[in-house]
Every structure is written in C-alpha cells, then in structure tokens.
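Below: the structure, in structure tokens.
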Amino acid sequence: MSFFTVDGISLQFGGLKAVDSVSFSVEKGEIFTIIGPNGAGKTSIFNLISRLYDPTSGKLFFEGRDITEIPAHQIAKLGIARTFQNIELFENATMLANLLVGRHCHATTQLWQEILFLPSVRRAEKEHRRKVEEVIEFLDLQPYREKLIAGLPYGVRKVVEVARALCSEPKLILLDEPSSGLNVEETDDMSFWIRDIRTELGVTVLMVEHDMSLVNRVSDRVLALNYGKVLASGTPAEVQAHPDVIAAYLGT
Amino acid sequence: MRFVFKTDYNQDIKLLKHGGYWWSYGVLLAVMIAAPYLVGSYLQSQMVFVFIYAIVGVALIILTGFTGQASLGHAAFLAIGAYTAGFMQSKGIPFIVYFPAAAIITGAVGAMVGFPALRLSGIYLVIATIAFAFIVEEILARWESVTHGNEGMRVRTIDLLGQPIPRDGDAFYFLCLLVLVGSILLALNLLRSPTGRAFIAIRDSETAGKSMGIDLAGYKVKSFAISAALTGMAGVLFAHKMSFISPEMFTLLLSIEFIMVIIIGGAFGVHGAVLGAIFIVMVDPFLTALKDDVPVLGASLASSLGMSPEGAGKLRETMSSIGSAAGLKGAIYGLIIMMFILFEPYGLYGRWLKVKLFFQLFPLYKKATFKRQKTYVKSERNR
Amino acid sequence: MLDFIQQLVSGIALGCVYGLIALGFVLIYKATEVVNFAQGDLMMLGGFFVFTFIGLVGLDYWLGFLFAVCGMAVFGMATERILIRPILGYPQFSIVMATIGLGYFLRSVAGMIWGTDDLKIETPFSTGVLKLGDLVIAHDKLSVIVATVILCVVLYAFFNYTRLGTAMRATSENMLAAYYMGIPVKRVVSLIWAISAAVAATAGVLLAPITFIHSNVGLALGLKAFPAAVLGGFGSIPGALIGGLIIGVIETLAGFYLPQGWKDVAPYVVLLIVLLVRPHGLFGPSMRKKV
C-alpha cells in the first residue's frame, strides 16, 4: 500500500459535484502537485483530506490506516499538517505563539498541571520552544519572533504558515497554493524551501499550485483536475503535454 | 528603551520579563497589603468590591478576550456561586468545603452552557447566554425551598475553621485579594501553556485551529467552565460581602456591568480586568462626590470669578439638581461605554501602554504609532 | 376552546409587537451586520416623542404620529453620524457594546426629561373592539397587527426589489467591495439607521395605548423582541415577524396554562431549544467559511 492513498473520493454540495470519484496515491518522500483551473476542486480535496469536509463517498488511507472517519482535530496528531490558500494565521498573536500552536498536537500536559504551571509543564514548554526554534532557523524567520502576525507583510505570513505546519512535525504536509500572492524572489525562495522540506526534513509534500514554473521545478508527479474529475497524471512534462489538460486550460 | 537579551528559553516563559517588573509589582503588592491599615473603612470596602469585580473580569477575559466567546450571562454564574454558598452554609457545611464546591458546581454549569455554545457564534451565542441568565434568575425566584425565592436569603459571616471572618474586617479584604491574585496567576499560567494558546487559536481562526489539532468542542467547554468557576468563586465572596442575596441582584444589567469592566480595562490583557474593575466600582463614590462637593466647589469658583451671589447660588442649585437626578448613573455608564469605544478601544491598559511607550521613545514618539487601522467589515455570516 | 383562541389572538397581537421591534433589529443587521441593542430604547423614545407632540403640544393624532416618526428618523441619522460612523469597521462586539451604552444613556436621559411616571396617550385606537362571533379583539391590538404586516411587506419588497435595498444588502456582505462598486456606503448606513429608528418610532406610537410609556419600556420589550429576531434567524424580515409571533404566542399561552413564572421564561427555553437544533435560527442561512 502506498504512503497516502485517496480512493475514489467524491464530494457533493447539493447538485454540484465538487469532487467526482478522484483517486491517486502519494509515495513517501515525493513532491506531488495537484493542478487545475479555478473551481476544479483542488482545495476541496485538501479540505477532505484534512477532514474539514466529510466525503460523500470514497476513502482516505494514510500509512495503511483508514482516516476517513477520524475527526479533523486528530489529523494533525497522525502527521498530516496543512496551510491555507488565503492564510489562516492567528492574527492577534505573536509569530512565536502561532508556531507554538503548531506544536499543540504534541501537548501532553493536563489542564490542572497548566493552571499550577508545574515543573513538568515548564519542561514540556521548553521542549516545544526548542523545536519551534529549529523551524524558525530552517525558514529564516528569526527577525519576527515577537511580532504580531497582523503587522507582518504578506510574503512573510505565507512562510509563517508553512512554519506552523512544520512545527507539528508532520509526515505529510499539504501546501495550498504556496506561491499565490508572492513576488518572483519570494516564489524562488519558496521553491527552495519546498525541496528542502522534502530532502532535509524528509517530509512528503502534497501541494496545490497554479504557478507552472514552480510546479515544473519542484514536483515529481502532477495530477490535473477539471470539474472535480481527474484529467491526467504523471510527470510534469507528461501532464502538460496531455491533450485534455491543454483543452481545459485553453478552453477549446 | 530597554532591550531584553534572551539567552535561555526560560526567559520566554517567565511571567516578569525583566528585573524592573519585580520592583513595580512588588511595590504594588506591598501597597495592597498595607492598604487596610492606611485607608478608611469605606474605601477598604470599595476595594473589596474592586477585587470581586476584577475576579469576574479575569474570568471574562479568559472567555471573551482569549477564547473570543461573548457572554452576557455572567451574572447568572455569580448568582450560582453566591446561592451555593448561601445554601450550603445554611446546611452547616464549612467554608473550606463550600468555597471550592461553589467553584466546581458553577464550573459544571458553565460547561453545560459551553456545549450549546459549540454550535453557536457571535450574536446567537450572546442571546443564548442572555436566555440562560434569565432562566437561572427565574429558577432562583421560584425554587423557594433552596433559595427562599424573591424574599432573598441571609448569608452569615464566613467561619474559616472556627475563625470568623467578618465582611468588613481586614481578613476578608486579604481573602479577596488572595483569590484575585490566584485567579490572575491562573490566567497567566494558562496563557503560557498549550490550553491558553488553543483558546487564542479558537478566537482567531477556528478552521486553522482544528487543522492544527485543537479539539474545538473540548476547549470551548473548558474555557466556559474555567470562566464560570472563577465567577462562582467571586460569587461566594460577593454573597458574604453583601450578607444578603436575592434574585434581582443578578440581572442582565449586572452582566453588562461585567462586560463594561473588560471593555473599559481592555480585554486583551489581564491588567484590563483590574483597571476596569477599579473604574466601574469607583463610579459610585465619584457620583456621590459629584452630588455633594462639586456644586459647592463650582459655586465658590464662579463667585470668585466675579459672579453675583444669586447667580452663584442658582448655579449651585442647577448643578446639584443635575448631580442628584435619578438615573444619572445610567447616563454616565452609557457615556463611559460610548466614549471608550469611540476613543480608546484598547481600554485603560491600552492607554497605559501608549503613555509608557511615549516616555520610552521620547522624543522620537510618533503619533501614528498607535493609529488604528481601519478595516472594512466583511460578512461574518459564513464564519 | 374559545379561551384558547382568545389567548391565541392576544398572543398574536403581542407577537406582532415583538415582531415590529425585531424588524428594527433585523433592518440594521441586514444592512450593516450590527446588532443594535438600543432598538427598544429607540422605540421608547418614539413613544415619548408622540406623547410630547400629542399629549403636551396637542397636535392631531396622525400629525403627531408623522412628526414623531420623522423626528426619530432624524434622531437615528444623528446617532449614526455621531456614534456609529467613527467606529464603523471595528469589531462587531465593540459596536454592539456602543449601542448598549447608547441604550443606557437614552433610558436615563429620557427619565430625566419626561420623568419616571407612566405616561399614557389617547389615540383613535384606544377604545373600540372588533367582534368576530364570540371573539373580541381590541382595536389597539388590531392596529398593531395590521401595521406590522404592512411594514413587513413594504420592507421585504424594499430589500429585494429596489436598487437601494440591494445596495444595502451588498454593503452588509462586504463593505469594501460595495465602496468599489460605487455604493455610497456611508449614506446607505445612515439611511438604514433613519429607517430603523422610524420603524422603532412606529412601534412606539402603536404601543402607546397598549402599554404605558416609561423610560424602561424599551429595555423590557427589546429583551423579548431580541430573541424573536434570533429565533427567526437574524437578517430575515419574514423571520422577524414569525419569530415575534412564536415568542408572543408562547408567552401568552404559557402565562395562561402553565404555573406562574413560566410566562417570562418559556420564550427563552424555546429559543435555546431552537438554537440547539438550528444554530442560525429558523430562517437564517447556515453557511460556513471557505478556506
């Protein structure tokens, strides 16, 4: 069985089939990209994987385990973290606090211990803080530790979101349009980081992306979607040459 | 400007970030401890009310300021705490038992309120808490075997292990101070541990919180329960301070007063609870002063400025009639709320931070540093 | 049986009163997504206005009615200009608190100006009853029912079929986008406050013969009308009316059939149950945030 498998998953909103029996699997250590025109159902697939939506039919398997019925807040604990298309950070908290929330799925302390702030809590906090510092160093976020998210520029926030996802020490990271809204230099940085996430941290990457140059640079395999259905999958070159994909993008 | 050079992760966790705070909070605590021996009995009694209101303020800051769940039903939690104390005391249960028991019972009720709150947000949550408060008020009025209904019930002096703590005494003052300091520490400890961060995550983005592994249901219920339990403890103290409780003491207006505490003080930090409580409680003595002293003062000032004695007399009469007009307190409350929201949405604590920064940066302080950014309202209907 | 129908009818009349006030809540919410907690107090002020024009100045009922409604519309606009516009765009809870403050202020100022006694005015609807067989409906109640239905229909049409109504809905959905589309957002918001205050004044005038006017009447009725609006799903005009009817009927029937004390609590119990099942009220849309 593959590392992560989506098996014939569908999502229906009233009469609209946002995702229509999509199947694919991601191997460990891969960078797998989903492309497709607007409204193709890419983000819906992410929302299904992170269990924000319940699929109408189909199953999800992660490391051989059926995760279709697991509640959304336990997904992170299993090792799947995600970012959002329109940045969902905790605006009125410092960056450090945001990243520490990323550690939440590893929290072991009990409420009563926290109220008294027992030494065990202090130890756990220092450990979380150390892990967070590693991510800060990895993504060069040192200047922003104590800054409020609301005051950070868009490009930095985008990186902070990736950092927050990495803080949960995921095995699989879902990146929803990591380059949207970034300028050319920032996109370049992002492409390096995505490769580093895979090679240095050994995290499997599943992403949705529009910027084809970024897709070509980093992806091992690509899946093209349109109207919730799979059009093609394969290497970036194969998918881009596929007649259905060209038709979907050019509209002929 | 002071820069703290950090070399240890402990420094991020510490409550007092540098040595200067040890001094300032130490002095504050010393003054608080010395206060009963320095101020008169009236002021001491007002300070006890400040402490009680501040405990509720801390509770509300945990719920509203951290977790982002609005509540206009905290008077009901206060009532549950107060009545638990009154009832248990009348059954001969000692203070040392019924004080924590009141916190636990109120906390359990708070958790029960938290469950429907899981699905409600914004205005629907506000109305649900109002509805809850009304129902509690009505139960208190009808459940006569326990609460004595609308006649109200007497609450006797605290008996702490055979040692009476009269409600006007110094011991009662210290008891309230102790509970307040305890609840502030509780809030600060929460804030620097996973639970507090989960609360903040829920406030700012439920979706992201869920994806980062936060069990929304569990933490909302926890937040309600903690907030209610603290309010319940305040309720016990309130009952003993008043020495008489009846359902009409715990109305919506009291809930609004509690919300005012955090609006005026500033809901984003625990300091706000204390500052807001001082402000709200001191409105009463201020009004008394307005009634008695200001007209005399104004008249004498006017006559010294060359006003005729009749004119000054008339001025004094008008001023005292305004000062003693029925409902003046309401008008002043209303004005205070509106003024704070218009001019200082971060409350007194926000104002203090600004003043502090002004001196730290002097003479480089720019007015624009704290200029509020206007955001445009987007529908919150699809949250 | 006749008892039951009689109770039902007075429940409906009471419900229409709530519906009328709820309508004011819904209007402002629909256009600005602000909950105006001072709505009941605007109604109280409308009642005092009409008392001043008719009872003190001695104008004709209809002329006094007109003056009170216009006066309140101007008052609503002024409120918007002074209190709401500077904080437009800040978190909603701040604005809600500001309106709570406004309510406090209006109540005590009204108490200072008009005193704290109950006031009553004579209107053409004060006396007279409509008899349908054995059923008796007082004219004052009938006038409330009729006026509520008319106002609901007019406002519903206004929001759904006029340009201005559409602009108001657009403003509430996304203020910045509305600006960009050339909608004069400030004027729209100011207008909506005027309309809402006028509706509140109408409620106040119609209520004047039924309940006495005193400075706390707005708070008491507003606290019943508010659940009505929530029950209907805030933001739905027919919902406000139906919510009002439900609350009114439940309250009346509970007062008649259930032991004492249930009358005031029953509406809230029902409200909590409804909210548990449908978190956005009966007619509210249940959408969720997109990520």
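Throughout, a chain's letter reflects where its sequence line sits, starting with A, and its residues are numbered from 1.
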message: Within this structure, what is the CD-OG1 distance for the pair B/Gln69 and B/Thr129, rounded to the nearest 0.5 Å?
response: 10.5 Å
query: Could you state the interatomic distance from OH (C/Tyr104) to CG (C/Leu219), rounded to the nearest 0.5 Å?
result: 9.0 Å
- prompt: At what distance, to the nearest 0.5 angstrom, does CD of C/Glu251 lie from CD1 of C/Ile246?
  reply: 13.5 Å
- prompt: When rounded to the nearest 0.5 angstrom, what is the spacing between CZ in B/Phe77 and OG in B/Ser71?
  reply: 6.0 Å
query: Is it the side chain or the backbone of C/Ile82 that comes within 4.5 Å of chain B heavy atoms, both, or neither?
result: backbone
Under 4.5 Å from any heavy atom of chain B - which part of C/Val269: both
task: Could you tell me which residues satisfy ring-ring contact (aromatic ring centres under 6.0 Å, His included) with B/Tyr83, sequence neighbours excluded, listed by chain and number?
output: none
Portion of C/Leu271 that has a non-hydrogen atom of chain B nearer than 4.5 angstrom: side chain
- request: Please indicate whether C/Phe159 has more than 12 foreign heavy atoms, meaning atoms of other residues, nucleotides or ligands, lying under 6.0 Å from its CZ.
  value: yes
- request: May I ask you to decide if C/Phe37's main-chain N or O and C/Thr99's side chain share a donor-acceptor pair within less than 3.5 Å?
  value: yes
- prompt: Could you walk me through whether C/Ser196 and C/Gln39 pass the side-chain hydrogen bond (donor to acceptor under 3.5 Å, both in side chains) check?
  reply: CA-CA 8 Å; C/Ser196 173; C/Gln39 194 65 32; 3.2 Å; yes
message: Other residues, nucleotides and ligands only: do more than 12 of their heavy atoms fall within 6.0 Å of CZ on B/Phe115?
response: no
Under 4.5 Å from a heavy atom of chain B, the part of C/Leu276 involved: both
query: Which atoms of C/Val35 come close to chain B, meaning under 4.5 Å heavy atom to heavy atom: side chain ones, backbone ones, both, or neither?
result: side chain
query: Given that the side chain runs from C-beta out, which part of C/Leu223 has a heavy atom under 4.5 Å from chain B: side chain, backbone, both or neither?
result: side chain
task: Heavy-atom distances under 4.5 Å only: say whether C/Val270 touches chain B with side chain, backbone, both or neither.
output: neither
task: Hey, can you tell me if C/Phe25 and C/Phe226 have their rings parallel, tilted or perpendicular (30° and 60° cut-offs)?
output: tilted
- line: If one checks every heavy atom of B/Ile135 against chain C at 4.5 Å, the contacting part turns out to be both
message: Using a 4.5 Å heavy-atom cutoff, which residues in residues 136-144 of chain B come close to chain C?
response: B/Glu138, B/Arg142
